[in-house]
There are 2 protein chains.
Amino acid sequence: MTGNLSLERGLAVLDLLKDIDEPIGVRDIARRLDQSAAAVQRILNTLAEHGYVEQIAESRRYRLGHSVLALARYILRKDRLVGLAEAELQALAAEGCFNAFLAVRRDDRGLYLLTVQSKSPVVIRSSPGESFPLHSTALGKALLMELSAEAIIEILGQAPLERLTPRTVTEISKLVVQIHGSESVGYTTSIDENFAGLIAVGAPVRDASGAIVAGISVAYPRSVGPLVEIAEVGETVMAAATRISASLGYRDARSQHKDPSHAA
Amino acid sequence: MTGNLSLERGLAVLDLLKDIDEPIGVRDIARRLDQSAAAVQRILNTLAEHGYVEQIAESRRYRLGHSVLALARYILRKDRLVGLAEAELQALAAEGCFNAFLAVRRDDRGLYLLTVQSKSPVVIRSSPGESFPLHSTALGKALLMELSAEAIIEILGQAPLERLTPRTVTEISKLVVQIHGSESVGYTTSIDENFAGLIAVGAPVRDASGAIVAGISVAYPRSVGPLVEIAEVGETVMAAATRISASLGYRDARSQHKDPSHAA
DNA sequence: GAACAGCATTCCTAAATAAGGAACACCCTT
DNA sequence: AAGGGTGTTCCTTATTTAGGAATGCTGTTC
């Protein structure tokens, strides 16, 4: 898997700007990426020509440019997965007063593709393009379903699992057990594990080959918990996920849950 | 203005994928960009590592990857202009049953940053990241305000002005006169010029230096036109644009004297 | 107010890097 | 079974980049 190193360096600049809120100077970028100022200057010139970065007129510092929206539009308007999921998420948000999410895995993090806020006063502020931890969220666990213990450790084992609340599972072996246990029921949960007072229920989305390519989840405040049976929410979320999977061409041999390994 | 040619080629691939709806193969990209398949392969490998492109498993073709959303999030959530304009656009959409837009100029096209749909049944389907012609839209003309005739010709003169409706202004000299004429009233209009039956009114947004950095507009069906005086809509739009400009630090010498802070 | 320290930006040449033809493996269709 | 299509990799040439030094600018400090 050989690549293009110059392009790599340019993308590193983009990725850096993405993670920095404040505009940043050429030399500052060069320092952080361990490159010469001249090299970064040339990279910024090229990125600026395409509108992917912009220079603040007076401070001469750089930030991401507005043209990146044109790229995002492709995903939000042309991507099949996003298009199919949107109606399902909105139905979930409307029916159950849930916040609803669609995400994919990106290395050791989840990446929100769609976020639909509930009509209820309690709203979870997340937006498409935002990333989130896999180990503490229902959606993250759904994205890790049907992976072997080795594969999960390969993905999450590089860094210690961050303790976000007292109930976060920080032992990877326990997390593996939890995820593997969820495969028989078909949905995942996170109760106070990512944010105190928040309950989330997730389920995986499959493409035509049967591979898990995305996940959806709903989240709601713990306070309404007693009113709703988690298992019931799980069935609702699973049903929505299954409909999305079916639209993507997934045909489950057994229309019930369980045993997805032999999808023809 | 020297740049980085390898990065340039990589961005060309991104820009191509952005404009193509269907996934595309390596050799096909190479043909369109007049490069070798091997070079494009290396570029795609690097882009894929960052998640900016994805390969369809079975067809082995490539399309834009979901990570581009992470870049867009920066603009939609961190950009000052977008943040300030959002409330104003929503107010415009709610009060007047208008579709409301925020955009910047990108070379010879406009680029929507925000689009807010009206509550009325007639909705204009546009989304952030979409581009639009400057010469036939109120928003486009607002983005060209206060430019000299030479500058406007420099921007739009490369290609003939496309006739989108019978009322589109396709003579650049007439367009210049129209734009310059709008500067004294402060707002721009497009009546059936971009899309038959559609009326739009736009106004420029300025930063602290007084330069026009963006524009806003509202659009509504011609059928409700007789009910609303365009001049009145113009004042409403201008007022919203002025508020955004003020939030960006613009202090107009000619505007109403409120001026609480000291200007040096 | 002058020297200074920081900045973005440009030039030039050594040296790292990418390009491209050819080759390989893998579908399809014929 | 053959042919044309695909994505992908290898290897050498030579294109292209990197980086120190230089420039001009801005704001700060002594």
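Convention: sequence-line order gives letters A, B, ...; per-chain numbering from 1.
No hydrogens or angles were tested; on distance alone, a donor-acceptor pair under 3.5 Å links the side chain of B/R27 to the base of D/dG7.
Per the geometry, CD1 belonging to A/I29 stands 16 Å off C1' belonging to C/dG6, to the nearest Å. Following rounding to the nearest Å, B/R61 (CZ) and D/dT6 (C1') show an atom-to-atom distance of 9 Å. At whole-Å resolution of the value, CG in A/D28 and C1' in C/dA8 are 13 Å apart. The interatomic distance linking A/I43 (CD1) with D/dG19 (P) rounds to 10 Å, in whole Å. If you measure from atom CG of B/L44 to atom C1' of D/dT8, you get 11 Å, rounded to the nearest angstrom. Rounded to whole angstrom, the span from the CG atom of B/L33 across to the C1' atom of C/dA18 amounts to 16 Å. Counting to the nearest Å, the C1' atom of D/dG7 and the CD1 atom of B/I56 are 14 Å from each other. Rounded to whole Å, the distance from CZ on B/R60 to P on D/dG5 is 18 Å.
Each of A/I24 and A/L7 was matched to the nucleotide of DNA chain C holding its nearest heavy atom; the match closer to the 5' end belongs to A/I24. Checking A/G25 against B/S36, the closest nucleotide of DNA chain C that is more toward the 5' end is the one next to A/G25.
B/Y74 pairs by the ring-ring contact (aromatic ring centres under 6.0 Å, His included) definition with nothing, not counting sequence neighbours.
By the neighbour-count criterion of 12 heavy atoms within 6.0 Å, atom CG of B/D19 is densely surrounded, having more than that number from other residues, nucleotides or ligands. The environment of B/E183 atom CD is dense: over 12 non-hydrogen atoms of other residues, nucleotides or ligands sit within 6.0 angstrom.
Counted by atom type alone, A/S131 and A/R106 present zero donor-acceptor pairs between their side chains at under 3.5 Å. Between the side chains of B/Y62 and B/D28, not a single donor N or O lies within less than 3.5 Å of an accepting N or O.
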Nucleotide by nucleotide, 5' to 3', does protein get under 4.0 Å of the base (B), only the sugar-phosphate (S), or neither (-) in nucleotides 9-16 of chain D, counting heavy atoms? B------S

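Side-chain N/O atoms of B/Q55 include one lying less than 4.0 angstrom from OP1 or OP2 on D/dT8. Within the structure, a side-chain polar atom (N or O) of B/Y62 is placed less than 4.0 Å from OP1 or OP2 of D/dT8.
Going from atom CD of A/E49 over to atom CG of B/L7 covers 10.0 Å, rounded to the nearest 0.5 Å.
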Kindly determine whether B/S127 and A/R77 satisfy side-chain hydrogen bond (donor to acceptor under 3.5 Å, both in side chains), including the steps that lead there. CA-CA 8 Å; B/S127 53; A/R77 295 295 293 260; 3.0 Å; yes

